[in-house]
Amino acid sequence: MLGYWVPFIQSAAGNVFAEGGVAYEVLVGEFGVLTMAPTYLIGVILPLVLGFYFVMALFEDSGYLPRIAALTDRALTTVGLNGRAVIPLILGLGCVTMGTLSTRILGSRRERIIATTLMAIAVPCSAQIAVIAALVGSVGAMYSLTYVAVIFLVFVLVGTALSRLTPGTTTDLLIDLPPLRVPQLGNVTRKTGGKVWHFMKEVAVFFVLGALLMSVLYLTGVLDWIQVVAAPLVVGWLGLPAEASTAFVMGFVRRDFGATGFFTMNLTANQLLVGMVTITLFVPCIASMMVILKERGVLYLAGLLVLSTAIAFFFGGILY
């Protein structure tokens with residue numbers, strides 16, 4: 001459907017606005033409100049949301065979801081969370097926007113801050129995982145294991161540091177363990193449909209705002225400026241070719257777009273590993289940032305961008 005929508009809306013807009021003009025680019029350009037936003041929402045996010053909420057509804061209706069929380073409680077206390085946080089972390093593997101919204105189930109502001117930070121920095125989304133698995137997997141198992149080890153190490157280090165530095169207390173896990181049973185299709189369908197509708201309705205406006213922001217950055221030349229400024233750091237510290245800075249800029253648009261940018265570069269296995277680790281730890285995509293802004297506020301988002309950028313380039317450079 002989207003394959004027909006984008007050419008149709010671009011053709012319709014071309015009949016009204018001059019192609020290449022400001023209005024045309026904002027509405028139907030590369031980061032257009034009427035092209036990028038619907039493509040992300042329907043083509044990328046909707047299938048992931050459906051799949052994840054369906055699986056979560058199966059776990060919930062079977063009575064197994066509370067048991068997952070209980071099983072992971074001891075491990076998550078080391079990073080300042082309790083077992084209930086496993087739910088947003090699992091959802092974050094699908095999409096950070098889902099995970100961020102689901103942090104509302106956590107019992108304290110401290111836990112919501114820690115969980116959101118960990119998801120934004122050290123939990124790759126499913127689309128990004130698919131691209132990284134294809135790239136890193138093509139150069140050998142050693143590189144795949146190293147990638148997983150580095151990301152896990154960062155998760156533990158950042159979580160431990162946040163647990164010590166974030167004010168407040170971590171709540172105890174108080175949760176009922178219902179009996180296990182066979183999930184009922186009607187229950188699962190209703191839960192999935194309701195949660196998907198609520199999620200899509202809530203994040204749609206932020207995807208539109210994200211597309212609008214990217215269009216403004218593109219039209220004003222800020223994106224090109226970022227690429228030029230980042231090039232010396234990317235080449236000198238990370239040991240990557242200069243064009244890799246473009247991949248990091250595209251990571252703002254969508255995390256897997258940033259990883260995909262390395263496909264066309266003639267990289268060594270070591271460079272590929274450094275690039276994948278850095279792009280994973282780098283800032284979340286613009287849609288996720290808009291939801292984080294809504295949930296946590298502008299000061300938190302500003303601090304998160306600085307922290308994630310510093311961590312990504314620090315560990316990427318050390319690995320190089």
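What's counted below: heavy atoms across the whole structure, side chains too, no hydrogens, waters or symmetry copies.
Heavy atoms only, all atoms of each residue included: V274 and T278 are closest at O-OG1, 2.7 Å. Taking every heavy atom of both residues into account, F315 and L157 meet most closely at CZ-CD1, 4.1 Å. The shortest heavy-atom contact between Y24 and A18 is CB-O, 3.3 Å. Shown here for I151 and T280, the closest heavy-atom pair between the two residues is CD1-CG2, 3.8 Å. In plain terms, the two heavy atoms of P183 and S62 that are nearest each other are CG-CB, 3.9 Å. Scanning all heavy atoms of the two residues, the minimum distance from G80 to T170 falls at O-OG1, 2.8 Å.
Between L240 and M265, the closest side-chain pair of non-hydrogen atoms is not below 4.5 Å. Using a 4.5 Å cut-off on side-chain heavy atoms (C-beta onward), S288 and T100 make no contact. Looking at I9 and T35, their side chains come closer than 4.5 Å, going by heavy atoms from C-beta outward. V234 places a side-chain heavy atom less than 4.5 Å from the side chain of F313. Taking the side chain as every heavy atom from C-beta outward, L91 and M119 never approach each other to under 4.5 Å. Counting heavy atoms from C-beta on, the side chains of L76 and L89 come closer than 4.5 Å. Residues N82 and D172 form no side-chain contact, since every pair of their non-hydrogen atoms from C-beta on lies 4.5 Å or further apart. Residues L304 and V283 form no side-chain contact, since every pair of their non-hydrogen atoms from C-beta on lies 4.5 Å or further apart.
The hydrophobic clustering, which links ILVMFWY residues whose side-chain heavy atoms are closer than 4.5 Å, places M142 and L272 together. Linking ILVMFWY residues whenever their side-chain heavy atoms come closer than 4.5 Å, directly or via other members, places L212 and V298 in the same cluster.
Paired with S108 under the rule side chain to side chain donor-acceptor pair (under 3.5 Å), one option of E111, R110, R112 passes, and it is E111. T103 pairs in a side chain to side chain donor-acceptor pair (under 3.5 Å) with only one of the listed residues (E295, R84, R109, R296), which is R296. A side-chain contact (heavy atoms from CB on, under 4.5 Å) with L162 is found for exactly one of I114, V79, L81, namely I114.
For the atom pair CG (L93) and CD1 (I129), the distance works out to 5.0 Å, reported to the nearest 0.5 Å. The structure places CD1 of I132 at 3.5 Å from OH of Y147, a figure rounded to the nearest 0.5 Å. Distance CD1/I113 to OG1/T166: 6.0 Å, rounded to 0.5 Å. Atoms CD and SG, on Q128 and C285 in that order, are 9.5 Å from each other to the nearest 0.5 Å. Remark: T97 OG1 to M290 CE distance equals 12.5 Å, nearest 0.5 Å. To the nearest 0.5 Å, atom CZ of residue R67 and atom CG of residue L177 are 5.5 Å apart.
The backbone N or O of P7 sits nowhere less than 3.5 Å from a side-chain atom of S11 that would complete a donor-acceptor pair. With hydrogens and angles ignored, the 3.5 Å screen pairs no side-chain donor or acceptor of E25 with any backbone N or O of A23. Between the D61 side chain and the V188 main chain, no donor and acceptor come within less than 3.5 Å of each other. In this structure, the side chain of T309 engages the main chain of L305 through a donor-acceptor pair within 3.5 Å. In terms of modelled atom types and a separation under 3.5 Å, the side chain of S245 and the main chain of A242 share a donor-acceptor contact. The backbone N or O of R74 lies less than 3.5 Å from a partner atom in the side chain of T77, making a donor-acceptor pair.
Through side-chain heavy atoms spaced under 4.5 Å, either directly or across other Ile, Leu, Val, Met, Phe, Trp or Tyr residues, V235 is tied to no other residue.
More than 12 non-hydrogen atoms from other residues, nucleotides or ligands lie less than 6.0 angstrom from CG of D224. Within 6.0 Å of atom CZ in F54, 12 or fewer heavy atoms from other residues, nucleotides or ligands are found, so the atom counts as exposed in its surroundings. Crowding of Y320 atom OH: a count of heavy atoms from other residues, nucleotides or ligands under 6.0 Å not exceeding 12. Around the CZ atom of R104, the shell of radius 6.0 Å holds more than 12 heavy atoms that belong to other residues, nucleotides or ligands. Atom OH of Y300 sits in a crowded spot, with more than 12 heavy atoms from other residues, nucleotides or ligands closer than 6.0 Å.
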Query - Residues L118, V158; criterion side chain to side chain contact (heavy atoms under 4.5 Å, CB included); working and verdict - result: CA-CA 7 Å; L118 288 175; V158 172; 4.0 Å; yes
Query raised in the report: Would V196 and L46 satisfy side chain to side chain contact (heavy atoms under 4.5 Å, CB included), going step by step from the backbone distance to the final call?
Result: CA-CA 8 Å; V196 168; L46 181 58; 3.9 Å; yes
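Between F248 and F262, the ring planes are perpendicular. Angles over 60° get that label, and only those under 30° would be called parallel. In this structure, F59 and Y64 have tilted ring planes: the angle between them lies in the 30° to 60° band.
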